[in-house]
Asker: 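Mind having a look at this structure? Questions to follow.
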Amino acid sequence: MSPPSGRDRSGDIRLEVEIEAPVETVWKALSEAEELRRWFPLNARVEPGKGGSIWLSWGPGVEGEAPIEVWDENRHLRWVERDPGDPSSVPVAVDFTIEARGGNAVVRLVQSGFSADADWSEYLDTLDSGWKYFLRNLKHYLEHHRGTPRRMVWSRRKMDRSRHQVWRAVTGSDGLMAVEGPVAVGAGFQLWSGPSGIIDQVTDGVHLAGGIPDLNDGLILIELEPGAPSFHLGVWLSTYGLDEGGVAHLQTTLDEAMDGL
């Protein structure tokens with residue numbers, strides 16, 4: 001079962017989430033480097049204000065800096081991504097807008113600049129799924145772990161097996177995120193190191209995410225990135241309030257499990 005797409009006919013991604021937090025708190029989570037690291041990238045730097053910049057990193061080779069074009073505090077943040085090595089590349093804009101709804105905040109995300117061509121299809125499927133997870137992570141962080149630093153357990157490896165084989169290896173009975181029964185929202189799973197949780201997002205063959213009450217209400221995302229014939233498998237586990245020993249154990253056992261793939 002796949003979640004509804006956030007893509008419109010132009011190819012733009014449009015998503016919305018309501019968060020039980022003040023607008024000012026949500027703005028900080030979107031615009032301050034320390035707060036961004038608690039729900040979004042592994043690392044971040046922000047030079048605030050219009051004309052400033054935002055730098056985001058998910059590890060070597062998956063990082064970049066973009067100029068900030070709109071900085072309307074507590075209302076609207078916009079940056080525009082371009083390939084610095086390709087002057088003809090299409091600029092892609094990321095817009096966050098925030099508005100109050102009662103005591104909550106509504107966050108709307110638009111990522112635009114894509115065409116609706118089929119050439120973008122696989123890439124957009126992955127972006128759409130990824131943004132759904134990150135907005136879920138933003139909501140989860142602010143509603144359940146606000147102010148708590150995040151410790152990440154992660155691995156990103158190039159795969160030479162087929163996507164079908166890797167998906168089965170991830171979700172099978174002895175997989176990284178072994179699923180009980182059909183791979184669907186609401187199904188239970190067990191991680192490579194023992195903790196269990198519940199799937200809350202899945203796009204078959206692309207993206208699998210869920211909450212882990214056994215790890216102090218942490219979150220996990222597993223994604224098969226675009227690419228053919230080889231591609232990358234990413235595993236991203238967000239932990240809050242877990243001690244360094246627990247994090248180190250999870251990282252060691254994840255690395256061993258990924259070696260097995």
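Start at 1 with the first residue, then count along the sequence. Just so you know, these numbers use all the heavy atoms, side chains as well, and skip hydrogens, waters and symmetry mates.
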Asker: Indicate yes or no: at least one non-hydrogen side-chain atom of Arg136 is less than 4.5 angstrom from one of Val17.
Answerer: no
Asker: Look at the rings of Trp236 and Trp154 and say which category their plane angle falls in: under 30° parallel, 30 to 60° tilted, over 60° perpendicular.
Answerer: parallel
Asker: Are any of the side-chain nitrogens in Glu32 or Lys28 under 4.0 Å away from the carboxylate oxygens of its partner?
Answerer: no
Asker: Taking the side chain as every heavy atom from C-beta outward, state whether Glu63 and Leu42 have any atom pair closer than 4.5 Å.
Answerer: no
Asker: With heavy-atom distances below 4.5 Å as the criterion, would you say the side chains of Val153 and Leu242 are in contact?
Answerer: no
Asker: Are more than 12 heavy atoms from other residues, nucleotides or ligands located less than 6.0 Å from atom CZ of Arg146?
Answerer: yes
Asker: Taking salt bridge (Lys or Arg N to Asp or Glu O under 4.0 Å) as the test, write out the residues that go with Asp259, two or more places apart.
Answerer: Arg157
Asker: Which heavy atom in Leu208 sits nearest to a heavy atom in Trp167, and how many Å separate them?
Answerer: CB-CH2, 4.0 Å
Asker: Hey, could you give me the OH/CG distance between Tyr240 and Asn216, rounded to the nearest 0.5 Å?
Answerer: 10.5 Å
Asker: Using the rule that two of Ile, Leu, Val, Met, Phe, Trp, Tyr join whenever any of their side-chain heavy atoms come within less than 4.5 Å, decide whether Val80 and Val94 are in one cluster.
Answerer: no
Asker: Does Trp131 use its side chain to pair, donor to acceptor, with the backbone of Leu15 at less than 3.5 Å?
Answerer: no
Asker: Identify whether Ile68 and Leu36 are in the same connected component of the hydrophobic contact network (ILVMFWY, side-chain heavy atoms under 4.5 Å).
Answerer: yes
Asker: Do the numbers put Arg150 on top of the ring of Tyr141, so that NZ or CZ is under 6.0 Å from the six-membered ring centre and no more than 45° off the axis?
Answerer: no
Asker: By the salt bridge (charged side-chain N to carboxylate O under 4.0 Å, His left out) test, which pairs, at least two apart or in different chains, include something from residues 241-251?
Answerer: Arg151-Glu244
Asker: Please check if the side chain of Arg37 supplies one atom and the backbone of Ala44 the other of a donor-acceptor pair under 3.5 Å.
Answerer: yes
Asker: Suppose we screen for salt bridge (Lys or Arg N to Asp or Glu O under 4.0 Å). Which residues come up paired with Glu18, at least two apart in sequence or across chains?
Answerer: Arg101
Asker: I'd like to know if Glu99 and Arg108 make a salt bridge, using a cut-off of under 4.0 Å between side-chain N and carboxylate O.
Answerer: yes
Asker: Between Thr203 and Ser129, which heavy-atom pair has the shortest distance, and what is it?
Answerer: OG1-OG, 3.2 Å
Asker: For Asp217 and His140, what are the C-alpha separation, side-chain angles and deciding distance, and is it a side chain to side chain contact (heavy atoms under 4.5 Å, CB included)?
Answerer: CA-CA 9 Å; Asp217 215 9; His140 183 77; 3.4 Å; yes
Asker: If the condition is salt bridge (Lys or Arg N to Asp or Glu O under 4.0 Å), which residues does Arg38 pass it with, not counting sequence neighbours?
Answerer: Glu34, Glu35
Asker: If you measure from OG on Ser155 to CG on Leu176, what distance do you get to the nearest 0.5 Å?
Answerer: 9.0 Å
Asker: Is the distance between the ring centroids of Trp71 and Trp27 under 6.0 Å?
Answerer: yes
Asker: When you look at Ile220 and Leu215, which way does the side chain to side chain contact (heavy atoms under 4.5 Å, CB included) test go after all the steps?
Answerer: CA-CA 10 Å; Ile220 187 167; Leu215 281 178; over 6 Å; no
Asker: Can you tell me how far CD1 of Ile98 sits from NE2 of His76, rounded to the nearest 0.5 angstrom?
Answerer: 10.0 Å
Asker: Please name the pair of heavy atoms, one in Phe189 and one in Leu191, separated by the smallest distance, quoted to 0.1 Å.
Answerer: CE1-CD2, 3.7 Å
Asker: Can you name the nearest heavy-atom pair linking Pro213 to Ser196, along with the distance?
Answerer: CD-O, 3.9 Å
Asker: Nearest 0.5 angstrom please: Thr253 OG1 to Met258 CE, how far?
Answerer: 12.0 Å
Asker: Measure the NE2-CG distance between His164 and Asp204 for me, rounded to the nearest 0.5 Å.
Answerer: 9.5 Å
Asker: Evaluate the side-chain proximity of Pro195 to Gln190: yes if any heavy-atom separation is below 4.5 Å, no if none is.
Answerer: no
Asker: Would you mind reporting whether Leu138 and Leu30 have side-chain heavy atoms less than 4.5 Å apart?
Answerer: yes
Asker: According to a hydrophobic-cluster definition based on side-chain heavy atoms being under 4.5 Å apart (Ile, Leu, Val, Met, Phe, Trp, Tyr only), do Val70 and Leu56 belong together?
Answerer: no
Asker: Step by step, work out the side chain to side chain contact (heavy atoms under 4.5 Å, CB included) result for Met159 and Ser230.
Answerer: CA-CA 6 Å; Met159 296 284 124; Ser230 61; over 6 Å; no
Asker: What's the shortest heavy-atom distance between Val46 and Ala33, and which atoms?
Answerer: CG2-N, 3.9 Å
Asker: Identify, with sequence neighbours excluded, every residue that meets side-chain contact (heavy atoms from CB on, under 4.5 Å) alongside Ala209.
Answerer: Tyr133, Asp200, Gln201, His207, Leu221
Asker: Parallel, tilted or perpendicular: which describes the rings of Trp58 and Phe134, with under 30° parallel and over 60° perpendicular?
Answerer: tilted
Asker: Report the residues that fulfil side-chain contact (heavy atoms from CB on, under 4.5 Å) with Glu47, sequence neighbours left out, ordered by chain and then residue number.
Answerer: Ser53
Asker: Quick one: do Val206 and Ile199 end up in the same hydrophobic cluster if we chain Ile, Leu, Val, Met, Phe, Trp and Tyr together by side-chain heavy atoms under 4.5 Å apart?
Answerer: no
Asker: Could you give the distance from CG (Leu254) to CH2 (Trp192), rounded to the nearest 0.5 Å?
Answerer: 4.5 Å
Asker: Considering non-hydrogen atoms only, spot the tightest contact between Ala187 and Pro182 and give its length.
Answerer: CB-O, 3.5 Å
Asker: Do Val110 and Leu127 belong together in a cluster built from hydrophobic side chains that touch within less than 4.5 Å?
Answerer: no
